[in-house]
Amino acid sequence: MEESNQDEIIGVVTVHNGEDGDQNGMETNGVEAEPIPDRPPPKRVEILDCNSLNGLMYHYFAQGDYIECKSLIGEIQSKYKEKNEAAFHVRGLIARNEGELEEAMDCFEKAYELSGKNKKYFYETGRCNFLLGRHQIAVEQLRKASEVMKDNPKVWYWMARAIYHLPSEKIPGKTFNPTETARNLLMGSTVAKDAELITFLGRLCEELQDTEGAIAAYESAMKLQPDNTDVMIRLALVLLRMGKEKEGFEQLGNCLAYDPSNSQAILTLGSIMQQHYDHDVALNKYRVAADACDYNGCLWNNIGIGLLARNKSAAAHSALKKASFISPLDYKISFNLGVLHDIMKLHCSALHYIKLCTELKPNNAKAVGAMAVIMSHMNDVKNARAAYKKSIELQPSPSIVNTLLLSFHVFWFQVLNYAIFEYRTKNFAAASTAVQIYKQLEASGMKCSANHKQTASLLDSVLKQHEETPPTEN
């Protein structure tokens with residue numbers, strides 16, 4: 001029997017590639033492999049990134065497109081079942097900017113829960129409570145936020161502002177001064193990194209009569225922001241109050257170099273010029289300021305004074321009436337209107353405006369003295385004398401005047417007017433006493449004009465003549 005070229009396998013079932021038998025290709029002798037049951041296809045798991053649209057959301061928010069941003073936030077929250085922390089955060093920021101503070105609080109609280117109770121959200125809720133007037137709660141929340149945001153100057157800024165608005169309390173043996181506490185807080189924080197904090201520190205120093213500290217703070221703020229015109233104006237005002245007129249004038253000039261139409265700087269420069277009786281230049285300055293900011297009561301008040309100095313009573317009256325319409329609670333405008341009406345011989349109207357001034361600013365010696373002058377013009381001697389005495393009682397003593405180094409002329413004006421009034425009513429003893437008080441004020445360092453000094457000397461000499469030789473009927 002001839003040999004075959006192929007091997008013959010009898011009674012063997014061969015399974016190829018694991019289709020009907022063992023997966024390893026093993027042979028089973030006469031036994032058929034059991035079929036593998038069908039398995040369901042694996043489920044496809046889709047991994048969702050709920051932060052995928054955050055970049056676009058921040059882009060809309062940075063551009064100020066709140067409508068598109070809120071629409072996108074709504075889509076994100078509906079798609080990811082309100083699990084996006086950043087969406088709640090941005091929605092809260094938008095609500096706070098739009099004045100919806102309660103809604104902003106809700107959004108920040110939800111973001112706080114989703115973040116695993118991150119304390120940084122106490123900063124946002126603290127700011128909302130501050131805007132709602134809950135200053136004590138705001139301080140507590142901002143203090144918690146400062147534990148994780150120590151290097152963020154905004155936290156210290158808002159905490160200082162919240163402390164500043166707390167009421168003063170008297171504790172046994174100690175008095176809580178919110179202004180001083182806020183200043184100490186800013187002095188101990190990283191205040192040198194933020195110009196806004198330094199500016200607020202300067203304001204606190206001003207309220208505490210620390211002018212040197214205020215000047216140092218404003219100068220530090222200008223090093224961080226050399227083009228900040230608000231800081232320049234504040235620094236100029238502090239320098240002017242200290243009597244450093246040249247330095248203050250330079251700061252105002254630098255402010256106008258950056259912003260030629262800055263109404264506050266122009267108003268301050270114009271008032272300085274009016275103090276030096278340069279009313280024409282001041283009115284030219286005010287014309288520029290009126291184009292930039294027409295609705296300003298102080299501006300129209302100064303314009304009225306400038307026009308009155310140029311003997312334009314009708315135009316001055318119109319300007320002061322407009323100032324009174326814009327700022328009806330400004331007692332200085334009412335006082336100027338009273339003086340203007342007295343110059344125009346409208347004594348009843350003048351008395352009305354001066355009375356309004358005293359109601360807005362009680363115990364104002366200058367207003368009471370002006371009321372006395374108007375009553376003397378109305379020949380009401382009794383009430384005029386009482387008003388003069390009241391105005392002198394409201395004035396500080398010469399020692400206090402010397403200590404404060406006051407530069408305005410309220411005090412000696414009233415005393416000199418009272419001396420002239422008593423001389424005209426032939427009460428020479430009271431007039432002589434008033435002249436002596438005026439001399440004390442002059443000796444204490446009070447700045448008096450040459451004309452008034454001459455008037456006081458002339459009155460003193462006349463009174464001495466009356467003492468030596470009593471006057472005849474003529």
Side-chain angles (χ1 to χ4, degrees), residues 85 88-113 115-171 174-210 212-225 228 230-231 234 238:
E85 172 193 349
F88 278 120
H89 185 201
V90 175
R91 184 67 185 88
L93 295 176
I94 293 173
R96 188 174 63 195
N97 292 342
E98 292 179 344
E100 301 293 337
L101 299 178
E102 295 293 346
E103 182 181 353
M105 291 276 291
D106 294 338
C107 292
F108 291 138
E109 288 174 0
K110 291 179 182 178
Y112 170 73
E113 295 295 336
S115 66
K117 298 185 177 181
N118 192 337
K119 289 185 178 181
K120 72 176 184 179
Y121 286 104
F122 283 122
Y123 166 69
E124 305 294 351
T125 55
R127 285 189 59 180
C128 291
N129 280 311
F130 171 79
L131 296 173
L132 287 169
R134 305 166 186 167
H135 301 120
Q136 186 63 46
I137 301 175
V139 171
E140 295 174 359
Q141 292 182 338
L142 290 167
R143 187 170 285 115
K144 292 179 182 178
S146 65
E147 296 175 2
V148 295
M149 303 172 69
K150 294 181 180 179
D151 297 331
N152 190 343
K154 297 296 182 183
V155 178
W156 304 104
Y157 170 71
W158 286 101
M159 190 188 301
R161 289 194 62 180
I163 293 173
Y164 173 76
H165 287 88
L166 291 176
S168 300
E169 295 180 358
K170 290 185 178 180
I171 306 172
K174 186 179 179 182
T175 302
F176 173 72
N177 188 348
T179 305
E180 186 175 357
T181 306
R183 184 192 64 174
N184 296 337
L185 176 68
L186 293 181
M187 293 287 288
S189 63
T190 55
V191 68
K193 298 180 181 179
D194 190 82
E196 192 174 10
L197 259 77
I198 302 175
T199 304
F200 185 62
L201 176 61
R203 289 175 55 191
L204 295 175
C205 291
E206 281 189 68
E207 290 194 22
L208 295 171
Q209 305 299 326
D210 185 8
E212 296 295 337
I215 290 174
Y218 291 142
E219 289 177 349
S220 300
M222 287 185 61
K223 290 180 181 178
L224 296 174
Q225 293 182 354
N228 193 327
D230 293 334
V231 179
R234 289 189 176 277
V238 174

Asker: Before you tell me yes or no, could you show the steps for Gln225 and Val231 under side chain to side chain contact (heavy atoms under 4.5 Å, CB included), namely the whole-Å CA-CA distance, both residues' side-chain angles and the distance that decides it to 0.1 Å?
Answerer: CA-CA 9 Å; Gln225 293 182 354; Val231 179; 5.6 Å; no
Asker: For Ile163 versus Pro178, what's the shortest heavy-atom pair and its separation?
Answerer: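 Answer, listing the atom of Ile163 first, then Pro178: O-CB, 3.1 Å.
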Asker: Any non-hydrogen side-chain atom of Phe88 less than 4.5 Å from a side-chain atom of Asp106?
Answerer: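 Phe88 vs Asp106: side chains apart.
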Asker: With Glu124 as reference, evaluate Arg96, Lys119, Lys110, Lys144 under the salt bridge (Lys or Arg N to Asp or Glu O under 4.0 Å) test and give the passing residue.
Answerer: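 Considering Arg96, Lys119, Lys110, Lys144, a salt bridge (Lys or Arg N to Asp or Glu O under 4.0 Å) with Glu124 is found only for Arg96.
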Asker: Using every non-hydrogen atom in the two residues, find where Ala145 and Tyr123 come nearest and quote the distance to one decimal.
Answerer: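 That closest heavy-atom pairing would be CB-N, 3.5 Å.
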Asker: Using the ring-ring contact (aromatic ring centres under 6.0 Å, His included) rule, take Tyr112 and Phe122 through it: C-alpha gap first, then chi angles, then the decisive distance, then the call.
Answerer: CA-CA 8 Å; Tyr112 170 73; Phe122 283 122; 5.4 Å; yes
Asker: Is the shortest heavy-atom distance from the side chain of Thr181 to the side chain of Leu166 under 4.5 Å?
Answerer: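 Not in contact.
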Asker: Could you tell me if the side chain of Lys120 sits less than 4.5 Å from the side chain of Asn152, heavy atoms only?
Answerer: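 The answer is no; the side chains never approach within 4.5 Å.
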Asker: Can you tell if the side chain of Met222 reaches within under 4.5 Å of the side chain of Asn228, non-hydrogen atoms only?
Answerer: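 Not in contact.
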Asker: Do the side chain of Trp156 and the main chain of Asp151 share a donor and acceptor less than 3.5 angstrom apart?
Answerer: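 Pair absent, no side-chain N/O of Trp156 close to backbone of Asp151.
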Asker: Atom CZ of Arg127 and atom CZ of Arg161: how far apart are they, to the nearest 0.5 Å?
Answerer: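 It is 9.0 Å, given to the nearest 0.5 Å.
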Asker: Which donor-acceptor pairs under 3.5 Å do the side chains of residues 131-139 make with protein atoms, sequence neighbours left out?
Answerer:
residue: Arg134; atom: NH1; partner: Asn129; partner atom: OD1; Å: 3.3
residue: Arg134; atom: NH2; partner: Glu102; partner atom: OE2; Å: 3.2

Asker: For a quick test of reading the model, state the closest non-hydrogen atom pair linking Ile198 to Ser220 and the distance between them.
Answerer: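 Where Ile198 meets Ser220 most closely, the heavy atoms are CG2-CB, 4.1 Å.
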Asker: Can you name the nearest heavy-atom pair linking Tyr121 to Ser115, along with the distance?
Answerer: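 Closest heavy-atom pair between Tyr121 and Ser115: CE1-OG, 3.5 Å.
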Asker: How far does CD of Glu206 sit from CZ of Arg183, to the nearest 0.5 angstrom?
Answerer: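 Answer for the CD-CZ pair, Glu206 versus Arg183, is 13.0 Å.
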Asker: Among Met149, Met159, Glu196, find the residue that satisfies the side chain to side chain contact (heavy atoms under 4.5 Å, CB included) test when tested with Lys154.
Answerer: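 The residue from Met149, Met159, Glu196 that satisfies side chain to side chain contact (heavy atoms under 4.5 Å, CB included) with Lys154 turns out to be Glu196.
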Asker: I need the Glu113 CD to Asn118 CG distance, nearest 0.5 Å.
Answerer: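 Atom-to-atom, Glu113:CD and Asn118:CG are 12.0 Å apart.
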Asker: Does the side chain of Trp158 come within less than 4.5 Å of Gln141's, by heavy atoms?
Answerer: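 With C-beta onward as the side chain, the pair stays apart.
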Asker: Return the minimal non-hydrogen interatomic distance between Arg203 and Tyr218, and the atom names on each side.
Answerer: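 Distance-wise, the nearest heavy atoms are N-OH, 3.3 Å.
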Asker: Can you see which heavy atom on Cys128 is nearest to which on Phe108, and at what distance?
Answerer: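 For Cys128 and Phe108, the tightest heavy-atom pair comes out as SG-CE1, 3.8 Å.
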Asker: With rounding to the nearest 0.5 angstrom, report the CD to OG1 distance, Glu140 to Thr125.
Answerer: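 So the CD of Glu140 and the OG1 of Thr125 are separated by 11.5 Å.
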